[in-house]
Amino acid sequence: MIETKVSAGIIRTYFEKMENALNLDVAIVGGGPSGIVAAYYLAKAGLRVAQFDRKLSPGGGMWGGAMMFNQIVIQEAALPIVKDFDIRYEKYDEGLYTMDSVESTASLLYHAVHAGATVFNCYSVEDVVYKNDAVAGVVVNWTPVLREGLHVDPLNILARCVVDGTGHDSEICRTVAAKNGARLDTETGGVVGERSLDVTTGEEEVVRCTKEVYPGLYVCGMAASAVSGTPRMGPIFGGMLLSGKKVADLIIERLKQN
Ligand code: 48F
């Protein structure tokens, strides 16, 4: 019966996809623009990469542009990445371009998945796997389970590297710092906390602070700003794209060495 076949097709292929993601090269937490860009370049380099986002629609803060005006701004430095993702852009001032935020988010996701990254939506990463004083994977649960406060244990996924791309909350870095007596590579050893808005400094610093903050744990995007205590920058997205590319390059280099 077609009714049974529809269900069987979904169940079989979903669990196949999930089983293939139990041992990853890279687990990316958060499906915001920086994390999706990272997923694309990592997958393109032939690495096993999966991205987990707690929402039904990954894409983070990119869909909404600014104040729900669905346009975003990028600067010259990020144009090569925009071209890699086939996103259309329009110059409106010296070195500044606008793009449709819905087209941009959809294009990022499309290309990441087509490059070989697996995206899991409705997954919340509630903890990390921690072995030999290093982050070694993620602990995941259904978002609705956590929202309902149900007493249900999570599942574990191993990864050679974990990327915190959770945005302003930098949840994974906070968790790692709060547990295990871990000291992050920051001024305070913990999450310093994001500063108020300054576009120029914020855009430069988010890329500079994209790094490995603890063995096995990398940070990108707004999480990198929050972790190192640099300014937010608002709806200019070049820094997010460049941060995602940088974290991918760092990880590719690291995994090549091992
Ligand atoms: O915040 P977000 O869009 O990440 P980003 O790549 O980009 C920031 C910009 O959108 C914008 C900005 C640009 O100038 O300031 O804010 O840093 O997306 C973060 C994603 O992570 C998910 C969340 O649902 C969102 O889609 N997320 C957060 N915590 C978790 C998580 C978690 N513990 N588990 C799974 N997903």
Side-chain angles (χ1 to χ4, degrees), residues 27-41 50-68 70-75 78 81 99 101-102 104-105 108-109 112 119-128 135 137-147 154-155 157 159 162-176 178 191 194-207 209-210 217-228 230-248:
I28 301 176
V29 188
S34 64
I36 307 173
V37 168
Y40 169 78
Y41 288 111
Q51 181 155 30
F52 305 93
D53 197 282
R54 68 156 50 112
K55 293 192 180 143
L56 181 59
S57 307
M62 203 182 215
W63 296 108
M67 265 186 65
M68 299 198 292
N70 63 354
Q71 289 289 112
I72 55 170
V73 169
I74 59 140
Q75 61 277 52
I81 300 175
M99 309 189 307
S101 68
V102 173
S104 302
T105 317
L108 292 187
L109 284 164
V119 176
F120 291 98
N121 56 352
C122 304
Y123 275 49
S124 285
V125 175
E126 59 170 66
D127 203 345
V128 297
V135 172
V138 289
V139 175
V140 301
N141 213 329
W142 293 120
T143 299
V145 163
L146 298 178
R147 290 228 170 114
L155 286 171
I157 290 173
V162 171
V163 177
D164 183 344
T166 60
H168 297 259
D169 295 335
S170 54
E171 283 188 25
I172 306 308
C173 291
R174 278 183 203 279
T175 301
V176 171
V191 172
E194 172 193 295
R195 299 178 60 175
S196 294
L197 187 140
D198 172 343
V199 174
T200 309
T201 314
E203 283 292 88
E204 281 165 16
E205 291 290 283
V206 70
V207 181
C209 295
T210 296
L217 177 63
Y218 290 74
V219 64
C220 69
M222 280 318 296
S225 290
V227 167
S228 289
T230 67
R232 65 189 300 185
M233 70 296 289
I236 179 161
F237 277 77
M240 293 302 121
L241 307 186
L242 291 161
S243 169
K245 170 89 167 61
K246 179 177 173 185
V247 84

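This structure is a prediction, so every number in the text was calculated from the model and none was measured. Read the numbers this way: they start at 1 and go in the same order the structure lists the ligands and their atoms.
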Asks: State, with a plain yes or no, whether a side-chain heavy atom of V247 is found less than 4.5 Å away from one of S34.
Replies: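 Contact flag for V247/S34 side chains = no.
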Asks: Name each N or O atom in ligand 1 that is under 3.5 Å from a protein N or O, and give the partner atom and the distance.
Replies:
residue: ligand 1; atom: 3 (O); partner: G61; partner atom: N; Å: 2.7
residue: ligand 1; atom: 6 (O); partner: P33; partner atom: N; Å: 3.4
residue: ligand 1; atom: 6 (O); partner: S34; partner atom: N; Å: 2.9
residue: ligand 1; atom: 6 (O); partner: S34; partner atom: OG; Å: 2.6
residue: ligand 1; atom: 10 (O); partner: G61; partner atom: N; Å: 3.4
residue: ligand 1; atom: 14 (O); partner: G234; partner atom: O; Å: 2.5
residue: ligand 1; atom: 14 (O); partner: I236; partner atom: O; Å: 3.3
residue: ligand 1; atom: 16 (O); partner: H168; partner atom: NE2; Å: 3.3
residue: ligand 1; atom: 17 (O); partner: M222; partner atom: N; Å: 2.8
residue: ligand 1; atom: 24 (O); partner: D53; partner atom: OD1; Å: 2.9
residue: ligand 1; atom: 26 (O); partner: D53; partner atom: OD1; Å: 3.3
residue: ligand 1; atom: 26 (O); partner: D53; partner atom: OD2; Å: 2.6
residue: ligand 1; atom: 29 (N); partner: R54; partner atom: NH1; Å: 3.4
residue: ligand 1; atom: 29 (N); partner: E171; partner atom: OE2; Å: 3.4
residue: ligand 1; atom: 33 (N); partner: R54; partner atom: NH2; Å: 3.3
residue: ligand 1; atom: 33 (N); partner: V125; partner atom: O; Å: 3.0
residue: ligand 1; atom: 33 (N); partner: E171; partner atom: OE1; Å: 2.8
residue: ligand 1; atom: 34 (N); partner: V125; partner atom: N; Å: 2.9
residue: ligand 1; atom: 36 (N); partner: R54; partner atom: N; Å: 3.1

Asks: Do V37 and M240 have side chains that get closer than 4.5 Å, going by heavy atoms?
Replies: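 Not touching, per the 4.5 Å side-chain cut-off.
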Asks: In terms of heavy-atom contacts, does CZ of R195 have more than 12 from other residues, nucleotides or ligands at under 6.0 Å?
Replies: no
Asks: Quick one, R232 and H168 - any side-chain contact, counting heavy atoms below 4.5 Å?
Replies: yes
Asks: Kindly say whether P231 contributes a backbone atom to a donor-acceptor pair with the side chain of D198 at under 3.5 angstrom?
Replies: no
Asks: Does R54 come within less than 4.0 Å of E171, counting only side-chain N to carboxylate O?
Replies: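 Counted as a salt bridge, because a side-chain N and a carboxylate O are separated by less than 4.0 Å.
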